[in-house]
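Working notes, beginning with the structure itself.
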Amino acid sequence: MTALAFSMHSAFAAGGEIAVIVKSSNSNYWQNVQKGAAAAMKDAKGYTMSFQGPASESAIADEVSMVENAVNRKVAGILLAPSDPDALIPVMKKAWEAKIPVILIDSLVSDGGKKYYQSFLSTDNEAAGELCAKELIAKIGKTGKIAVMSYVAGVGSEIGRVGGFKRYIAANSQLKIVNTFYSQSQMATALNQTTDVLTAHPDLKGIFGANEPTAVGMARAITQASKAGKVVAIGFDGNQDLQGFVKDGTLDATAVQGSYQMGSLGIQTLVSVIGGKTVPKFVNTGVVMVNKKNIDLPEAKNVLY
């Protein structure tokens with residue numbers, strides 16, 4: 001189905017509700033997506049916006065229900081950050097059959113869902129993971145033990161980001177990954193997992209926290225274990241907590257996505273599709289490696305939240 005077909009057949013081409021549905025409503029990251037979307041809505045005349053997400057990123061069935069409800073409400077379009085690569089496809093198909101365009105942000109669905117969305121806006125997660133691996137190697141060298149603190153196994157962004165990190169480490173160093181942990185995007189879980197790995201491997205040289213709540217929990221554990229400055233830590237995302245950890249040296253750097261851009265460009269893309277315009281299938285919203293040197297410069301301030 002082309003963007004033009006949506007325009008020709010949709011009763012909502014002149015306006016209506018745009019449903020923004022994200023992985024969790026409780027994270028600063030997703031709230032920054034909301035800010036970007038709300039800003040773009042000022043230019044989307046005739047449209048209103050709703051914003052929702054489950055209590056946690058692992059509550060996949062709740063997100064599916066939210067999309068289903070949006071389809072049943074006959075919204076004009078859906079801006080969706082899918083929490084699972086497969087679980088959202090059946091309800092995306094329902095949206096497609098109802099002539100409701102879907103724009104994906106942050107994470108991709110499996111190939112089986114490719115025809116049910118019109119555009120995907122995200123960090124190039126594989127490239128972002130490689131960037132984090134390069135940063136770690138630059139700080140600790142090519143030998144020794146490291147750990148990977150991941151979030152939800154199998155989600156699209158995790159496959160690209162952590163996969164890109166691991167592949168780069170394997171191809172460009174002799175660093176040994178002692179374990180990969182999955183926090184389910186729960187800060188307290190990441191804190192406990194990091195505490196455990198620091199205890200089990202006192203000679204650990206480096207550690208990577210692959211999303212916002214995971215990186216915050218990781219950094220808190222490093223601080224509690226008095227390992228700040230002794231273990232090189234690379235985070236991901238850029239809320240106030242993570243900025244503080246960069247400034248005090250607990251984190252050597254954190255890779256920050258353009259979450260605001262995902263929201264703002266996502267709305268613009270959705271309005272374009274509803275209006276019958278052709279849009280790119282993928283838009284890279286970028287990533288900035290933030291460290292002590294650049295944290296107060298415009299390049300970092302534009303993505304921090």
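Because the structure is predicted, anything quoted here is derived from the model rather than measured.
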Check your understanding: Does a side chain donor of either Thr180 or Ser150 reach within less than 3.5 Å of an acceptor in the other side chain?
Key -> no

Exercise for review: Keeping the roles fixed (side chain from Asn291, backbone from Asn294), state whether a donor-acceptor pair exists under 3.5 Å.
Suggested key: yes

Exercise for review: Report the residues that fulfil side chain to side chain donor-acceptor pair (under 3.5 Å) with Asp86, sequence neighbours left out, ordered by chain and then residue number.
Suggested key: Ser110

Point to revise | 4.5 Å side-chain heavy-atom contact, Met218 and Leu251 | key: yes

Review point. Partners of Glu63 by side chain to side chain donor-acceptor pair (under 3.5 Å), sequence neighbours excluded?
Key: Ser83

Practice item. Using distance alone, with no hydrogens and no angle criterion, decide if Trp30 and Glu212 have a side-chain donor and acceptor under 3.5 Å apart. Key: no

Revision key, fill the gap. Rounded to the nearest 0.5 Å, the OG atom of Ser119 sits from the CD atom of Gln268 at a distance of 12.0 Å

Practice item. First locate atom CD1 of Ile169, then atom CD of Gln174, and finally report the distance between them rounded to the nearest 0.5 Å. Key: 11.0 Å

Exercise for review: Any chance you could measure Gln31, atom CD, to Phe51, atom CZ, to the nearest 0.5 Å?
Suggested key: 7.0 Å

Point to revise | Donor-acceptor under 3.5 Å (Lys205 side chain, Thr143 main chain) | key: yes

Point to revise | Results of side chain to side chain donor-acceptor pair (under 3.5 Å) for Asp248 - residues two or more places apart only | key: Thr250

Check your understanding: Does Ser183 reach the main-chain N or O of Ser185 with its side chain, forming a donor-acceptor pair under 3.5 Å?
Key -> yes

Study note, to complete from the structure: Taken to the nearest 0.5 Å, the spacing of Gln240 CD from Asn28 CG works out to 8.0 Å

Exercise for review: Quick one: which residue pairs count as a salt bridge (charged side-chain N to carboxylate O under 4.0 Å, His left out) with a foot in residues 250-266, not counting sequence neighbours?
Suggested key: none

Check your understanding: Would you find a donor on one side and an acceptor on the other, under 3.5 Å apart, between the side chain of Ser65 and the backbone of Ala61?
Key -> yes

Review point. Any side-chain heavy atom of Val283 sitting closer than 4.5 Å to one from Gln261?
Key: no

Exercise for review: Under the side-chain hydrogen bond (donor to acceptor under 3.5 Å, both in side chains) rule, what do Ser157 and Ser107 come out as? Steps first, then yes or no, please.
Suggested key: CA-CA 5 Å; Ser157 61; Ser107 293; 3.2 Å; yes

Check your understanding: Do you know which two heavy atoms are closest between Glu17 and Ser50, and how far apart they sit?
Key -> OE2-OG, 2.6 Å

Practice item. Please check if the side chain of Lys45 supplies one atom and the backbone of Lys42 the other of a donor-acceptor pair under 3.5 Å. Key: yes

Check your understanding: Any chain of hydrophobic side-chain contacts (each under 4.5 Å) joining Val178 to Ile140?
Key -> no

Review point. Going by heavy atoms in the side chains, are Leu191 and Met149 under 4.5 Å from each other?
Key: no

Practice item. Apply the test side chain to side chain contact (heavy atoms under 4.5 Å, CB included) to residues Ile207 and Val197: give CA-CA distance (whole Å), side-chain angles for both, the deciding distance (0.1 Å), then the verdict. Key: CA-CA 10 Å; Ile207 193 164; Val197 78; 4.2 Å; yes

Practice item. Please lay out, stage by stage, how Gln186 and Ser56 fare under the test side chain to side chain contact (heavy atoms under 4.5 Å, CB included). Key: CA-CA 8 Å; Gln186 299 296 315; Ser56 75; 3.6 Å; yes

Revision key, fill the gap. Tightest non-hydrogen contact, residues Leu242 and Asn239, listed as N-OD1, 3.0 Å

Point to revise | Inter-residue atom distance Leu175.CG - Lys142.NZ, 0.5 Å rounding | key: 9.5 Å

Review point. Can you tell me if NZ on Lys293 sees more than 12 non-hydrogen neighbours from other groups inside 6.0 Å?
Key: no

Review point. Apart from Tyr151 itself, which Ile, Leu, Val, Met, Phe, Trp or Tyr residues share its cluster (side-chain heavy atoms under 4.5 Å, direct or through members)?
Key: Val152, Val155

**Study point:** Residues Asn211 and Tyr29: side-chain donor-acceptor under 3.5 angstrom
**Key:** no

Check your understanding: Between Phe245 and Thr254, is any pair of side-chain heavy atoms under 4.5 Å apart?
Key -> no

Revision key, fill the gap. Rounded to the nearest 0.5 angstrom, the OG1-CD distance for Thr214 and Gln193 is 8.0 Å

Check your understanding: Taking atom NZ of Lys93 as the centre, does the number of heavy atoms from other residues, nucleotides or ligands within less than 6.0 Å exceed 12?
Key -> no

Exercise for review: Tell me whether Ile234 is reachable from Val256 by hopping between hydrophobic residues (I, L, V, M, F, W, Y) whose side-chain heavy atoms are closer than 4.5 Å.
Suggested key: no

Exercise for review: Applying side chain to side chain contact (heavy atoms under 4.5 Å, CB included), run through Leu270 and Tyr47 and close with a yes or a no.
Suggested key: CA-CA 11 Å; Leu270 195 46; Tyr47 293 94; over 6 Å; no

Practice item. Could you pull out the closest heavy-atom pair between Gly286 and Thr123, with the gap in Å? Key: O-OG1, 3.8 Å

Point to revise | Residue pairs passing the ring-ring contact (aromatic ring centres under 6.0 Å, His included) test where at least one lies in residues 284-305, sequence neighbours excluded | key: none

Review point. Closest heavy-atom contact between Gly154 and Pro85?
Key: O-CG, 3.0 Å

Point to revise | Listed once per pair and sorted, the ring-ring contact (aromatic ring centres under 6.0 Å, His included) pairs that draw on residues 265-285, sequence neighbours left out | key: Phe120-Phe282

Point to revise | Within residues 178-197 or reaching into it, pairs that qualify as ring-ring contact (aromatic ring centres under 6.0 Å, His included) - sequence neighbours excluded | key: none

**Study point:** Polar side-chain atom of Gln52 near backbone of Val22 as donor-acceptor pair, under 3.5 Å
**Key:** no

Check your understanding: Do you know the tightest heavy-atom contact between Ile100 and Gly77?
Key -> CG2-CA, 3.8 Å

Review point. Would you find a donor on one side and an acceptor on the other, under 3.5 Å apart, between the side chain of Asp43 and the backbone of Ala40?
Key: no

Review point. Which pairs, with at least one residue in residues 251-270 and sequence neighbours excluded, count as a ring-ring contact (aromatic ring centres under 6.0 Å, His included)?
Key: none

Review point. Is any side-chain heavy atom of Lys166 less than 4.5 Å from a side-chain heavy atom of Ile177?
Key: yes

Review point. So do Ser264 and Lys35 actually touch side chain to side chain, heavy atoms under 4.5 Å?
Key: no

Practice item. Compare all side-chain heavy atoms of Ile18 with those of Thr48 and state whether any distance is below 4.5 angstrom. Key: no

Point to revise | Steps toward side chain to side chain contact (heavy atoms under 4.5 Å, CB included) verdict (Lys176, His201) | key: CA-CA 12 Å; Lys176 183 185 178 225; His201 300 278; over 6 Å; no

Exercise for review: For Phe236, enumerate each residue passing the ring-ring contact (aromatic ring centres under 6.0 Å, His included) test, keeping only those at least two apart in sequence or located in another chain.
Suggested key: none

Point to revise | For the student: nearest non-hydrogen atoms of Ala59 and Pro54, plus distance | key: O-CG, 3.6 Å

Review point. Does Val109 have any side chain to side chain contact (heavy atoms under 4.5 Å, CB included) partners at least two apart in sequence or in another chain, and if so, which?
Key: Pro82, Ile89, Met92, Leu104, Tyr117

Review point. Excluding sequence neighbours, so at least two apart, what forms side chain to side chain donor-acceptor pair (under 3.5 Å) with Glu130?
Key: none

Point to revise | pair Ile267-Val20: side-chain heavy atoms closer than 4.5 Å | key: yes

**Study point:** Partner of Gln257 by side chain to side chain donor-acceptor pair (under 3.5 Å), out of Thr285, Asn32, Asp237
**Key:** Asp237

